[in-house]
Amino acid sequence: MKHYKSLSEMSRDNGFAPPENPLLGLVRCNNNCALGNRAFTTDFYMIGFKKIKSGEFLYGRTRYDHDAGSMSFVKPRQVIEFKNLELEEDGFLIFFHEDFLNGHPLFDGIKKYSFFDYDVNEALHLSPAEEKTIWELYDKIKIEYYNNQDEYSREIELGHIDSILRYAQRFYKRQFINRHEAIGATVSRFNHVLLAYAEKNLLQEKGLPSVKYMAGELNLSPHYLSDLLKQETGKTAIELIHIYLVSEAKNLLKGSDNNIAETAYALGFENLPYFSRLFKKQVGVSPNQFKKQLMN
């Protein structure tokens, strides 16, 4: 699989104009966005906006859902594949090398944008007003990019990129809200998967269910699942798993003769102190104190 370390190499291989900045590249997609027909990885972040008429965009080996004008976000060393893309309208790609962020607040700030870990079929679908906002920010980057680069250019360009990411975060919140019914179904399915996991005795066989496992059962990426659940319930996926397990622990302590260690083991906890800390955080008292209260 091809791995691109430099924007110049990727531009040369795909017939793009050489980048104005070795660490930042802008590609305007006029009805096509040719990036070869093979999978590749890079050392760059990518922000893309496009309305795809035909062809495929695969990311993390997942086929892209491209019914509307959509944004996608790719971080370094993730697998990307374009196949015979034809766009309904203009689009753009922004590439920036991870080194472009060195010494800038966005170096750490970009880590908070969990949509860089979404699967590509969890892309951001924009309303017309939102599209206008994103295009305006892209045009501001373009003006600076093709101006004579000076000591202010990087700060200005990164400022506009950060604005795109902030707006994207806001628009994803809107998308989650607009998908309220689908989100509600996700919560229900999440609880069903948890229950099935317990009923199959997988807690004792495999231990605690991971967010990755839960997401896989629901055909979602772990970060997207957590953000989806957080919007609806105020709790992340791991928090909901913990709430479920503590609820089960309370039931076992009330309805069986199991001691604390046996209860923890039955629920997949191999570390008793961890179980006790989690229980106390949720219930307000330790498992031992909870058990004693039941006996009084």
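Computed from a predicted structure; not experimentally measured. The figures here come from the full heavy-atom set of this structure, side chains too, leaving out hydrogens, waters and symmetry mates.
In the model, D162 has a side-chain atom that pairs as donor or acceptor with a side-chain atom of Y113 under 3.5 Å. With hydrogens and angles left out, the side-chain atoms of S153 and D150 include a donor and acceptor closer than 3.5 Å.
Cluster annotation: V211 and Y197 are assigned to the same hydrophobic cluster (Ile/Leu/Val/Met/Phe/Trp/Tyr, side-chain heavy-atom contacts under 4.5 Å, transitive). Clustering ILVMFWY residues whenever any of their side-chain heavy atoms sit less than 4.5 angstrom apart, transitively, puts F40 in the very cluster that holds F95. At a threshold of 4.5 Å between side-chain heavy atoms, the hydrophobic network of Ile, Leu, Val, Met, Phe, Trp and Tyr places I143 and I156 in two separate groups. Hydrophobic clustering, with ILVMFWY side chains joined whenever heavy atoms are under 4.5 angstrom apart, groups W135 together with I161. Put simply, Y265 and F269 are part of two different groups of oily side chains (I, L, V, M, F, W, Y) that touch within less than 4.5 Å, one to the next.
Nearest heavy atom pair, residue A261 against residue L272, reads CA-CD1, 4.0 Å. Taking each heavy atom of Y4 and F44 in turn, the nearest pair found is O-CZ, 3.8 Å. Minimum heavy-atom separation, E9 to K5: OE1-N, 3.9 Å. When all heavy atoms are compared, the tightest approach of M214 to F190 is CE-O, 3.4 Å. Summarising the geometry of L245 relative to L208, their closest heavy-atom pair is CD1-CD2, 3.6 Å, with the distance given to 0.1 Å. Of all heavy-atom pairs between G25 and L7, the closest is N-CD1, 3.6 Å.
Atoms NE2 and CD, on H125 and E131 in that order, are 12.0 Å from each other to the nearest 0.5 Å. For the atom pair I243 CD1 and I238 CD1, the distance stands at 11.0 Å (nearest 0.5 Å). Note that the CD1 atom of I260 and the CG atom of L252 stand 10.5 Å from one another [nearest 0.5 Å]. Atom CG of N102 is separated from atom NE2 of H97 by 9.5 Å, given to the nearest 0.5 angstrom. In this structure, L137 CG and R166 CZ are separated by 12.0 Å, a value rounded to the nearest 0.5 Å. The distance from atom NZ of K291 to atom OG of S286, rounded to the nearest 0.5 Å, is 12.5 Å.
Within a 6.0 Å sphere centred on OH of Y146, other residues, nucleotides and ligands contribute more than 12 heavy atoms. For Y244, the OH atom counts as densely surrounded, since its 6.0 Å shell holds more than 12 non-hydrogen atoms of other residues, nucleotides or ligands. Within a 6.0 Å radius of NZ in K200, other residues, nucleotides and ligands contribute 12 heavy atoms or fewer. More than 12 non-hydrogen atoms from other residues, nucleotides or ligands lie less than 6.0 angstrom from NE2 of H3. Applying the 6.0 Å contact sphere to CZ of R77 captures more than 12 heavy atoms from other residues, nucleotides or ligands. When the shell of 6.0 Å around OH of Y213 is examined, it contains more than 12 heavy atoms from other residues, nucleotides or ligands. Environment of CD in E270: sparse, with no more than 12 heavy atoms of neighbouring residues, nucleotides or ligands closer than 6.0 Å.
Under the 4.5 Å side-chain criterion, counting only non-hydrogen atoms from C-beta, V187 is not in contact with L240. Between Q149 and E157 the shortest side-chain heavy-atom distance falls below 4.5 Å. Looking at heavy atoms from C-beta onward, L203 lies in side-chain contact with P209 at the 4.5 angstrom threshold. Contact check for Y145 versus N21: side-chain heavy atoms found under the 4.5 Å cut-off.
Proximity of the aromatic rings of F49 and Y138 is defined here by a centroid distance below 6.0 angstrom, and this criterion is not met.
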Audit row: V74, T42, side-chain contact (heavy atoms from CB on, under 4.5 Å) steps and yes/no: CA-CA 10 Å; V74 180; T42 75; 6.0 Å; no

Worked verdict on L158 versus L24 for side-chain contact (heavy atoms from CB on, under 4.5 Å): CA-CA 10 Å; L158 284 175; L24 174 66; over 6 Å; no

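Below 30°, between 30° and 60°, or above 60°: for F115 and Y172 the angle between ring planes is below 30°, a parallel geometry.
Figure legend: cation-pi geometry between K112 and F116 absent, as NZ or CZ is not positioned both under 6.0 Å from the six-membered ring centre and within 45° of its axis.
Residues that satisfy the side chain to side chain donor-acceptor pair (under 3.5 Å) test with S8, not counting sequence neighbours, are absent from this structure.
Counting only residues at least two apart or in different chains, salt bridge (Lys or Arg N to Asp or Glu O under 4.0 Å) contacts with residues 211-229 are absent.
Checked for salt-bridge contact, K140 and E144 miss the test: no charged N lies under 4.0 Å from a carboxylate O.
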